[in-house]
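I have placed the structure first, in the form of structure tokens, so that the comments after it can refer back to it.
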Amino acid sequence: MKIYFLGAGALGCAIGGTLAAAGSDVTLIDPFEAHVDAIRRDGLRMKDGDTERVVKVRATLDSSGLEPADLVIVLVKSFHTRSAIEGAKGIVGPGTAVMSLQNGMGHEEILSEVVGREHVLAGKTYVGGVLLGPGRIIAGTRGKRTVIGELDGAISERAKAIAAEFERAALPCEVSGNIMGVMWDKLLINVSTGALSAITGQVYGSLYAVPEIEATAIAAVAEAMAVARAGGVSLSIKEPRDAWLMAAEGLPYEFKTSMLQSLEKGSITEIDFINGSVVRNGQKHNVPTPVNQTLVAAIKGIERRMEAK
């Protein structure tokens, strides 16, 4: 299976590097020139706990000149989804599957508009990653599952083949007939820690040491669960605190949420696709979401301050 990662930040490298180390045919596509150069020159350096390994994997700045893929995994920032897939149409052939593993909700609609719904699968992953510098990451893959599925709920052969490729690399992966429930389950995880970590500047270890942060996280997740249920979504996470505890399972003390990483780099966040999606769906179903509205407002304020510098 020829697999291209459209977006090779921390998460794309964590999954792509693990697949490549297991022998998969992987190409990382990312416009960060220093990052791509380092991977080409020195290999991808993947830190896991106290150990670090170097993985040889192809990397390129764009998709020009590449043959169509069997699978394109989209892991660009949510707000770059449309421009990224529009610029990569050449790698989407008649039999190419295009799958988002991005945080938040709403990416599949964008991908379907650009390449056609028949190409698109949905997926969510609990794998984590932190970019330490060009060509070097922390990879949080141990025991972290990925769930994928067809938009219509079918258990297809192509979905089974993708799951098998992940499993061969010791990346737990399952095919679900309830991918919307899976997507909301993962959204609950992101809602529990992303904005709060970014606002407070705390890594996972210190984030979980503050009772007031935990209480706010649980309240935000409770709102999201009420919104999902109002929309008829079947969740596997039953209690708000479960999402809070699941978010940090198996991750090191110094692990940072992607939202915190974005702010530290001076970049805007994916808040509109995470807590913002809870607020929008809450409005749609007449479910109040004051905690998530407050978290969105706080992140927007931080982003505005960065823009003014």
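Within the 4.5 Å cutoff, no side-chain heavy atoms of Ser176 are placed close to those of Ile148. Between Met225 and Glu239, the closest side-chain pair of non-hydrogen atoms is not below 4.5 Å. Contact of the Thr51 side chain with the Lys47 side chain is not registered, since no non-hydrogen atoms from C-beta on lie closer than 4.5 Å. Between Leu295 and Leu196 there is a side-chain heavy-atom pair separated by less than 4.5 Å. You'll find the side chain of Met99 stays beyond 4.5 Å of the side chain of Val72, heavy atoms only. Considering only heavy atoms from C-beta on, Val203 comes within 4.5 Å of Tyr253 through its side chain. Residues Val76 and Thr81 are in side-chain contact: their nearest non-hydrogen atoms beyond the backbone lie under 4.5 Å apart. Between Met306 and Leu263, the closest side-chain pair of non-hydrogen atoms falls below 4.5 Å.
Considering CD of Gln202 and CG of Leu260, their distance stands at 8.5 Å, rounded to 0.5 Å. Taking CG from Leu151 and OG from Ser112, the interatomic distance works out to 5.5 Å, rounded to the nearest 0.5 Å. Distance OG1/Thr18 to CZ/Phe166: 9.5 Å, rounded to 0.5 Å. Annotation: the span from Thr216 atom OG1 to Ile199 atom CD1 amounts to 9.5 Å, rounded to 0.5 Å. Distance CD/Glu167 to CD/Glu165: 11.5 Å, rounded to 0.5 Å. Leu132 contributes atom CG, which lies 8.5 Å from atom CD of Glu254 (distance to the nearest 0.5 angstrom).
The shortest non-hydrogen separation linking Gly194 to Met259 is O-CB, 3.7 Å. Of all the heavy atoms in Leu28 and Gly16, the pair that sits closest is CD2-CA, 4.3 Å. Shortest non-hydrogen contact noted between Leu75 and Gly12 is CD1-CA, 3.6 Å. Closest approach of Ser100 and Glu108 over heavy atoms only: CB-OE2, 3.6 Å. The minimum heavy-atom distance linking Cys13 with Ala8 is given by the pair SG-O, 3.3 Å. Contact between Ala10 and Ile137 at its shortest, heavy atoms only, is O-CD1, 3.9 Å.
A salt bridge links Glu214 with Arg241: the closest approach of a Lys/Arg side-chain nitrogen to an acidic carboxylate oxygen falls below 4.0 angstrom. Taking a cutoff of 4.0 Å between a charged side-chain nitrogen and a carboxylate oxygen, Glu52 and Arg136 qualify as a salt bridge. Taking 4.0 Å as the cut-off between side-chain N and carboxylate O, Lys124 and Asp185 do not count as a salt-bridged pair.
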Next on the checklist: With salt bridge (charged side-chain N to carboxylate O under 4.0 Å, His left out) as the criterion, how do Asp70 and Lys2 come out once you've worked through the C-alpha distance, each side chain's angles and the decisive distance to 0.1 Å?
Outcome noted: CA-CA 5 Å; Asp70 296 307; Lys2 188 184 295 295; over 6 Å; no
Next on the checklist: I'd like to know whether Arg117 forms a side-chain contact (heavy atoms from CB on, under 4.5 Å) with Leu111, so could you lay out the CA-CA distance, the side-chain angles of the two residues, the decisive distance to 0.1 Å, and finally the verdict.
Outcome noted: CA-CA 8 Å; Arg117 186 179 173 87; Leu111 296 172; over 6 Å; no
Checklist entry - Passes side-chain hydrogen bond (donor to acceptor under 3.5 Å, both in side chains), His119 versus Thr96? Steps please. => result CA-CA 6 Å; His119 288 282; Thr96 302; 5.6 Å; no
Item to check | Verdict with supporting geometry, Thr125 and Thr146, side-chain hydrogen bond (donor to acceptor under 3.5 Å, both in side chains) | outcome: CA-CA 4 Å; Thr125 186; Thr146 298; 2.7 Å; yes
Item to check | Residues Asp25, Met1; criterion side-chain contact (heavy atoms from CB on, under 4.5 Å); working and verdict | outcome: CA-CA 6 Å; Asp25 184 356; Met1 185 178 291; over 6 Å; no
Next on the checklist: Applying salt bridge (charged side-chain N to carboxylate O under 4.0 Å, His left out) to Arg82 and Glu113, what does each step give before you reach the verdict?
Outcome noted: CA-CA 9 Å; Arg82 185 176 299 276; Glu113 289 172 6; 2.6 Å; yes
Next on the checklist: Thr289 vs Glu223, test: side-chain hydrogen bond (donor to acceptor under 3.5 Å, both in side chains). Steps then yes/no.
Outcome noted: CA-CA 6 Å; Thr289 57; Glu223 288 182 356; 4.7 Å; no
Next on the checklist: side-chain contact (heavy atoms from CB on, under 4.5 Å) for Asn190 and Lys186? Distances and angles first, verdict last.
Outcome noted: CA-CA 6 Å; Asn190 295 139; Lys186 181 56 165 56; 3.2 Å; yes
Checklist entry - Which is it for Val57 and Ile39 under the side-chain contact (heavy atoms from CB on, under 4.5 Å) test, yes or no, and what are the steps along the way? => result CA-CA 7 Å; Val57 58; Ile39 295 171; 3.8 Å; yes
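Side chain of His35 to main chain of Pro31: no donor-acceptor pair is present (N/O by atom type, distance under 3.5 Å, no hydrogens or angles). Within the 3.5 Å criterion, the main-chain N or O of Gly7 finds no donor-acceptor partner in the side chain of Asp30. Side chain of Lys256 to main chain of Ser197: no donor-acceptor pair is present (N/O by atom type, distance under 3.5 Å, no hydrogens or angles). Listed for the Asn178 side chain is a donor-acceptor partner under 3.5 Å among the backbone atoms of Ser234.
Cluster annotation: Phe5 is connected to Leu121 through the hydrophobic network of ILVMFWY side chains, with a link wherever side-chain heavy atoms come within less than 4.5 Å. No continuous path of hydrophobic side-chain contacts links Phe79 to Ile85 [ILVMFWY only; heavy atoms under 4.5 Å]. Using a 4.5 Å cut-off between side-chain heavy atoms of Ile, Leu, Val, Met, Phe, Trp and Tyr, with links allowed through other members, Leu44 and Val130 fall into different hydrophobic clusters. The hydrophobic clustering, which links ILVMFWY residues whose side-chain heavy atoms are closer than 4.5 Å, places Phe273 and Trp184 apart. Follow the hydrophobic side-chain contacts under 4.5 Å out from Ile91 and you never reach Leu19; the two are in separate clusters.
The side chain to side chain contact (heavy atoms under 4.5 Å, CB included) with Ser262 is formed by just one residue from the set Ile299, Thr269, Ile271; it is Thr269. Of the listed residues (Leu11, Val74, Ile73), just one forms a side chain to side chain contact (heavy atoms under 4.5 Å, CB included) with Gln102, and that residue is Val74. With Ser63 as the partner, the side chain to side chain contact (heavy atoms under 4.5 Å, CB included) test is satisfied by one option alone out of Thr60, Leu66, Leu61: Leu66.
Counting heavy atoms of neighbouring residues, nucleotides and ligands inside a 6.0 Å radius, atom CD of Glu33 does not exceed 12 of them. Remark: Glu67 CD is loosely packed, at most 12 non-hydrogen atoms of other residues, nucleotides or ligands lying under 6.0 Å away.
Arg58 and Thr27 share a side-chain donor-acceptor pair at under 3.5 Å. Side chains of Arg168 and Ser24: a donor-acceptor N/O pair is present below 3.5 angstrom, by distance only. A side-chain N or O of Tyr204 and one of Thr193 form a donor-acceptor pair less than 3.5 Å apart.
In this view, Tyr126 satisfies the ring pair (Phe, Tyr, Trp, His ring centres under 6.0 Å) rule with no residue, not counting sequence neighbours. For the side-chain hydrogen bond (donor to acceptor under 3.5 Å, both in side chains) test, residues two or more places apart in sequence or in another chain that qualify with Asp272 are Lys300.
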